[in-house]
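What you see below is based on every heavy atom in this structure, not just the backbone, and it leaves out hydrogens, waters and symmetry mates. In this text, all values refer to a predicted model and were calculated from it rather than measured experimentally.
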Amino acid sequence: MSLTEQRAGTTEELRPGRWIALAVLVLAVLLVAIDATVLGLATPFLTEDLEPTGTQLLWIGDVYSFVIAGLLVSMGSLGDRIGRKKLLLSGAIAFGAVSALNAYAHTPEMMILARALLGVAGATLMPSTLALIRNLFHDPRERSLAIGIWGAMASAGAAVGPVVGGLLLEHFWWGSVFLINLPVMAVLVVVGAKMIPESKNPVPGPWDLISVALSVIGMIGIVYAVKELAAHGPSTVTILAGAAGAAALCWFVRRQLTLPAPLLDMRLFRHRGFSGAVVADLLTILGLSGLVFFLSQFFQLVQGRGPLEAGLAELPAAVGAVAAGLIAGRAARRFSVRSVVSGGLAAIGLALAAVTVIDQQTAYPLMGAVLLVVGVGAGFAFTVTSDVILSSVPKEQAGAAGAVSETAYELGAALGIALLGSIVTGVYQTFDTPRGIPAAPAAAAHESLGGAVEASHGLPAGQAADLVAAAQDSFISGLQLAAGVGATVLLATAVAAWFLLRGQKLEDGAGQH
């Protein structure tokens, strides 16, 4: 490296604008994360307005995360090639435009399509932000703090979504939860164009469209199969989708190993710490998002809270995630990466275990404590694993590594809602209809808890109360079982992470980039 290049690098490291640039990047992450959970609170209003079936309702909740998960690797690799800033700003404009389409959707099918398109735009934002952080912050300690802030916002967004949604739903119609994206994206584009430096891989190689198609087909096929299998049991279509997804992913992996410039360097997964961090990432978010999504409905439809009160009730998760995220890097250096990640995963697992004993009368202090512990656990585990993933790769591959971290995040969110949601829905739909309820309201009540509350409005008071009580009891049983499954998975992952992350350390000092 020449003296001029060294000076340029030093200037870049010390440039004060990097923190303003970080603030803009974090804004994008916060918004994409909020959009993943903001719909939880709007679900009862949306159910009333669009009248989706139970399956359509799950798709409205899931498709955004599915599409993001399917496209992240491709978009991360595209950012490495065409420029991460260019991809980020283009994605921000698209995200704003498609948000308006979501707000004014008037059928369940249109809503599912609009959410899918929002996922396409969201996929351009997430890997770009993490890769740009890798290039903005060259000092490992500063980078750990920056990733901590980024991770805190990603985790907090999932928990802040219900608060923002609740505030808007108290005063406006459900479409307003999407329209808030427009001014935020406008700020991101204007400030980002000035403050964020462009970065890309200097020798990127071509963008392999066959690999792009394989990664999309593989991810969406697998996730669809898991979701349908959990909700409805095996069927020909489900098995074919899963087989096609698995075949596409196998072909994708084999193709990456032969390409001179792969979309994703599969050799990264030979690194035990990298693989362990990715798995921990995915399961951390699975526990967090699944819990947040269903507790939104529990607070509103079982305990009878308003949207804003329900959103505020979930705030401890955001507070815990932010607080833990900001000190996670320091904690991992002082103790060890594996103790912080395993401890975080175990905390989420134990909190989910506590949910197995809740009922309609459970007082808020217990629920608030559960959410706080989940937030703290997610903040520690997710931030440190993201740092491990990003530190394990050369700077040129930051986009691809960021995409792996983000894919784990989005896949975790999708699977959290799909798997735990399918358990909740499966148990919920088995409740016995109280005697004397007409066929039409009974059918609507079995679709979803929101449907049961809606169906009860046209019934005599006694019948309405019986129907809602039966539906609520069944929903709580489903929530308890789902929480038990989630707790088992998280506690098992905590043990696995202890072994997989053995000897893993975060970079230390300014000279190791």
Side-chain angles (χ1 to χ4, degrees), residues 140-141 143-145 147-156 158-159 271-292 316-356 366-392 405 408-409 412-413 416 420 483-508:
R141 283 179 178 272
R143 188 165 67 238
S144 279
L145 178 59
I147 291 172
I149 294 168
W150 176 89
M153 289 304 109
S155 305
H271 187 290
R272 180 169 45 82
F274 184 90
S275 301
V278 171
V279 172
D281 241 12
L282 188 149
L283 292 165
T284 299
I285 301 303
L286 183 147
L288 177 73
S289 60
L291 186 68
V292 166
V319 173
V322 172
L326 294 179
I327 61 168
R330 197 178 305 166
R333 284 186 175 86
R334 176 156 185 194
F335 302 105
S336 69
V337 165
R338 72 173 183 172
S339 60
V340 172
V341 174
S342 294
L345 288 163
I348 301 171
L350 292 171
L352 282 169
V355 176
T356 61
L366 174 63
M367 302 301 299
V370 163
L371 284 159
L372 181 65
V373 172
V374 167
V376 169
F380 275 127
F382 181 63
T383 305
V384 175
T385 50
S386 298
D387 203 340
V388 168
I389 290 167
L390 211 55
S391 304
S392 312
S405 177
Y409 181 98
L420 300 182
V485 170
T488 307
V489 170
L490 267 294
L491 291 170
T493 312
V495 175
W498 180 260
F499 294 104
L500 285 169
L501 297 174
R502 187 180 69 250
Q504 189 67 45
K505 287 182 169 61
L506 298 185
E507 285 183 276
D508 202 3

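- Heavy-atom minimum distance, Ala277 versus Val388: CB-CG1, 3.9 Å.
- In this structure, the separation between CZ on Phe380 and OG1 on Thr385 is 13.0 Å, given to the nearest 0.5 Å.
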Can you list, pair by pair, the side-chain donor-acceptor contacts under 3.5 Å of residues 336-353, counting residues two or more places apart and other chains?
| unit_1 | atom_1 | unit_2 | atom_2 | d |
| --- | --- | --- | --- | --- |
| Ser336 | OG | Ser339 | N | 3.1 |
| Ser336 | OG | Ser339 | OG | 2.9 |
| Arg338 | NH1 | Trp498 | O | 3.0 |
| Ser339 | OG | Ser336 | N | 3.3 |
| Ser339 | OG | Ser336 | O | 3.0 |
| Ser342 | OG | Arg338 | O | 2.9 |
| Ser342 | OG | Ala494 | O | 3.0 |
| Ser342 | OG | Trp498 | N | 3.1 |

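- The shortest heavy-atom contact between Leu501 and Gly276 is CD2-C, 4.2 Å.
- Nearest heavy atom pair, residue Val370 against residue Ala354, reads CG2-CB, 3.8 Å.
- Residues passing the side chain to side chain contact (heavy atoms under 4.5 Å, CB included) test with Ile149, sequence neighbours excluded: Trp19, Leu22, Val26, Leu145, Leu326.
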